[in-house]
Amino acid sequence: MTKFKCPCRYTYDPAVGDPKQGIPAGTPFDALPDDWRCPRCKQGKDKFNKA
């Protein structure tokens, strides 16, 4: 699965998910809720690019 990087350098890794925000491992970036935000800087999904 493809990783996505935020401008703040946080990388969303689908193999890890985002457990702190209730996103289980194995969740592809495209399946994240529309209101999901970067856990580091709180930017929206639209600010991420493929890593």
Side-chain angles (χ1 to χ4, degrees):
M1 285 189 262
T2 305
K3 295 178 183 180
F4 283 80
K5 188 174 275 190
C6 183
C8 77
R9 297 185 174 237
Y10 168 82
T11 300
Y12 177 76
D13 183 351
V16 176
D18 184 3
K20 289 183 180 180
Q21 295 192 68
I23 307 298
T27 303
F29 187 80
D30 294 340
L32 291 172
D34 290 337
D35 61 351
W36 181 85
R37 301 272 180 196
C38 173
R40 191 179 287 167
C41 71
K42 306 302 183 211
Q43 292 199 57
K45 288 173 49 177
D46 61 324
K47 303 298 182 192
F48 281 69
N49 294 304
K50 286 185 181 179

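- Without hydrogens or angle criteria, K20 side chain to P39 main chain gives no donor-acceptor distance under 3.5 Å.
- Rounded to the nearest 0.5 Å, atoms OH (Y10) and CG (D18) are 4.5 Å apart.
- The shortest side-chain heavy-atom distance between R40 and C6 does not fall under the 4.5 Å cut-off.
- One finds the CD1 atom of I23 at 6.5 Å from the OH atom of Y12 (value rounded to the nearest 0.5 Å).
- Here the closest heavy-atom approach between residue P7 and residue K47 is recorded as CD-O, 3.2 Å.
- Relative orientation of the F29 and W36 rings is perpendicular, given thresholds of 30° and 60° on the angle between their planes.
- Closest approach of P28 to G26, counting heavy atoms only: CD-O, 3.2 Å.
- Between K5 and T11, the closest side-chain pair of non-hydrogen atoms falls below 4.5 Å.
- Shown here is K42, whose NZ atom has more than 12 heavy atoms of other residues, nucleotides or ligands within 6.0 Å.
- In this structure, NZ on K50 lies 14.5 Å from NZ on K3, to the nearest 0.5 angstrom.
- To the nearest 0.5 angstrom, N49 atom CG is 12.5 Å from T2 atom OG1.
- Atom CD in Q21 sits 9.0 Å away from atom CG in L32 (nearest 0.5 Å).
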